[in-house]
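Reading through the C-alpha cells given below for one structure.
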Amino acid sequence: MNGYWKMISNENFEEYMKALDVNVAIRKIALLLKPDKDIVHDGDHLIIKTLSTFKNYNMDFYVGKEFEEDLLGVDDRKCMTTINWEGDKLVCVQKGEIEGRGWTQWVEGDELHLELRAKGAVCKQVFKKT
C-alpha cells in the first residue's frame with residue numbers, strides 16, 4: 001500500500017457524510033474535494049495521510065492494536081478503532097456513537113480501493129497510484 005494515491009472516483013460520499021451527521025455546509029465543501037492518500041506501510045505499522053486543500057487527516061496505527069481515534073475535522077467524534085488484515089484487505093472497525101462505522105481498504109493493480117461505512121451507508125472511493 002506504500003505510495004502516493006490520487007482520487008479518481010468518489011461514489012455515495014454525501015450519503016456517508018449524512019450518516020455521520022456532518023452539517024450541510026461542511027458536506028458541500030467536502031463534495032468538491034478530491035483528497036490524496038499518502039501511505040507509509042512498514043510491517044504492521046501504517047501511516048495513512050488524507051490530504052486536501054481544505055483539511056488533512058493522519059492515521060498512525062499498528063494492525064491488530066485498538067486505539068482511540070480522534071476524528072476532529074471529520075465529524076468531531078472520538079471512537080475506539082481496530083484495524084486488521086482480512087486476506088489482502090485492511091478492515092477497520094470504529095466503535096463509538098455511530099453504528100456500523102468503519103472502512104475496508106485494498107489494492108488492485110495500480111488502484112487503491114476504499115469502502116467507507118456508517119449506519120448502512122456505503123461510500124466507494126478509488127485512488128490511482130502516482
Side-chain angles (χ1 to χ4, degrees):
M1 290 193 184
N2 271 315
Y4 198 87
W5 307 84
K6 290 207 163 278
M7 180 179 276
I8 57 173
S9 69
N10 190 8
E11 297 174 21
N12 209 34
F13 190 49
E14 186 164 23
E15 291 307 309
Y16 170 74
M17 288 189 293
K18 284 179 184 176
L20 294 178
D21 299 321
V22 173
N23 78 55
V24 71
I26 299 295
R27 285 200 317 261
K28 293 208 178 296
I29 293 167
L31 285 169
L32 299 173
L33 302 175
K34 287 194 170 242
D36 297 339
K37 297 275 185 191
D38 187 10
I39 302 175
V40 177
H41 177 189
D42 183 16
D44 281 340
H45 182 223
L46 282 94
I47 301 170
I48 301 174
K49 296 178 183 176
T50 303
L51 309 168
S52 76
T53 54
F54 180 63
K55 191 167 286 274
N56 297 333
Y57 182 72
N58 296 330
M59 279 189 86
D60 187 335
F61 63 91
Y62 287 87
V63 174
K65 291 187 180 175
E66 186 177 57
F67 63 98
E68 184 177 62
E69 185 175 6
D70 186 347
L71 294 156
L72 183 67
V74 178
D75 66 342
D76 298 331
R77 292 186 173 90
K78 289 187 179 184
C79 59
M80 294 308 293
T81 299
T82 307
I83 301 163
N84 288 297
W85 287 108
E86 289 185 14
D88 61 352
K89 296 181 177 183
L90 271 180
V91 178
C92 172
V93 174
Q94 296 167 311
K95 290 184 263 181
E97 294 175 45
I98 303 292
E99 178 186 324
R101 184 174 190 168
W103 50 262
T104 302
Q105 180 173 287
W106 68 96
V107 175
E108 286 180 18
D110 65 348
E111 291 181 345
L112 175 74
H113 294 258
L114 177 60
E115 190 177 277
L116 303 161
R117 297 176 301 277
K119 289 185 187 170
V122 178
C123 168
K124 295 182 180 182
Q125 299 179 338
V126 180
F127 301 80
K128 193 147 190 93
K129 195 166 198 173
T130 60

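Small disclaimer: the values here were computed from a predicted structure and weren't measured.
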Taken to the nearest 0.5 Å, the spacing of Lys95 NZ from Met80 CE works out to 7.5 Å

Could you please spell out the steps behind the side chain to side chain contact (heavy atoms under 4.5 Å, CB included) verdict for Cys92 and Thr82? CA-CA 6 Å; Cys92 172; Thr82 307; over 6 Å; no

Spell out, yes or no, whether Ile47 and Leu71 are grouped together once hydrophobic residues are joined by side-chain heavy atoms under 4.5 Å, including indirect joins. no

Can you check whether Asn58 reaches Asp60 side chain to side chain, under 4.5 Å on heavy atoms? no

With a 4.5 Å heavy-atom cut-off, do Lys49 and Asn56 have their side chains touching? no

Tell me whether Glu69 is salt-bridged to Arg77, with the criterion being a basic N under 4.0 Å from an acidic carboxylate O. no

Identify whether Phe54 and Met17 are in the same connected component of the hydrophobic contact network (ILVMFWY, side-chain heavy atoms under 4.5 Å). yes

Between Lys6 and Asp36, is there a side-chain N and carboxylate O pair less than 4.0 Å apart? yes

Is there a side-chain contact between Leu51 and Tyr57 (heavy atoms, below 4.5 Å)? no

Close side-chain approach of Leu20 to Arg101, heavy-atom, < 4.5 Å: yes

State, with a plain yes or no, whether a side-chain heavy atom of Lys129 is found less than 4.5 Å away from one of Ile39. no

Can Lys78 and Glu97 be said to form a side chain to side chain contact (heavy atoms under 4.5 Å, CB included), step by step? CA-CA 8 Å; Lys78 289 187 179 184; Glu97 294 175 45; over 6 Å; no

Would a distance-only check, ignoring hydrogens and angles, find a side-chain to backbone donor-acceptor pair under 3.5 Å from Arg27 to Phe13? no

Any luck finding a side-chain donor-acceptor pair between Trp103 and Gln105 under 3.5 Å? no

Close side-chain approach of Trp106 and Glu115, heavy atoms under 4.5 Å: yes

Would you check if Phe67 and Met59 make a side-chain contact, meaning some heavy-atom pair closer than 4.5 Å? yes

Cation over ring face, Lys37 and Trp5, 6.0 Å, 45°: no

Which pair of heavy atoms, one from Ala19 and one from Ala118, lies closest together, and at what distance? CB-O, 3.3 Å

Once rounded to the nearest 0.5 Å, what's the spacing between atom CD of Gln125 and atom OH of Tyr16? 8.5 Å

In sequence, state the C-alpha distance, the side-chain angles, and the governing distance for Ile83 and Val91, and then conclude on side chain to side chain contact (heavy atoms under 4.5 Å, CB included). CA-CA 5 Å; Ile83 301 163; Val91 178; over 6 Å; no

Is the backbone of His45 close enough, under 3.5 Å, to the side chain of Asp42 for a donor and an acceptor to pair up by distance? no

Taking NZ, NE, NH1 and NH2 as the nitrogens, is one of them in Lys119 or Glu99 under 4.0 Å from a carboxylate oxygen of the other? no

Are more than 12 heavy atoms, taken from residues, nucleotides or ligands other than Lys18, located less than 6.0 Å from that residue's NZ atom? yes

Would a single hydrophobic cluster contain both Trp85 and Ile48, if residues Ile, Leu, Val, Met, Phe, Trp and Tyr are joined by side-chain heavy-atom contacts under 4.5 Å? yes

Would you kindly confirm whether Val22 and Leu114 end up in one hydrophobic cluster when ILVMFWY residues are joined by side chain heavy atoms under 4.5 Å apart? yes

For Asn12 and Cys123, the nearest pair of non-hydrogen atoms, with its separation, is O-CB, 3.8 Å

When rounded to the nearest 0.5 angstrom, what is the spacing between CE in Met7 and NZ in Lys34? 7.5 Å

Once rounded to the nearest 0.5 Å, what's the spacing between atom CG of Leu90 and atom CG of Asn84? 9.0 Å

Give the cluster check for Leu46 versus Val40: same hydrophobic cluster or not, with ILVMFWY residues linked at side-chain heavy-atom distances below 4.5 Å. no

Spacing of OH belonging to Tyr4 relative to CG belonging to Asp38, to within rounding of 0.5 Å: 6.5 Å

Given Val63 and Lys65, is the side chain to side chain contact (heavy atoms under 4.5 Å, CB included) satisfied, shown in steps? CA-CA 6 Å; Val63 174; Lys65 291 187 180 175; over 6 Å; no

Among Glu15, Glu11, Arg117, which one satisfies side-chain contact (heavy atoms from CB on, under 4.5 Å) with Val122? Arg117

Taking the side chain as everything from C-beta on, heavy atoms only, tell me whether Phe127 gets closer than 4.5 Å to Ile8. no

Rounded distance (nearest 0.5 Å) linking atom OG1 of Thr130 with atom CG of Asp110: 10.5 Å

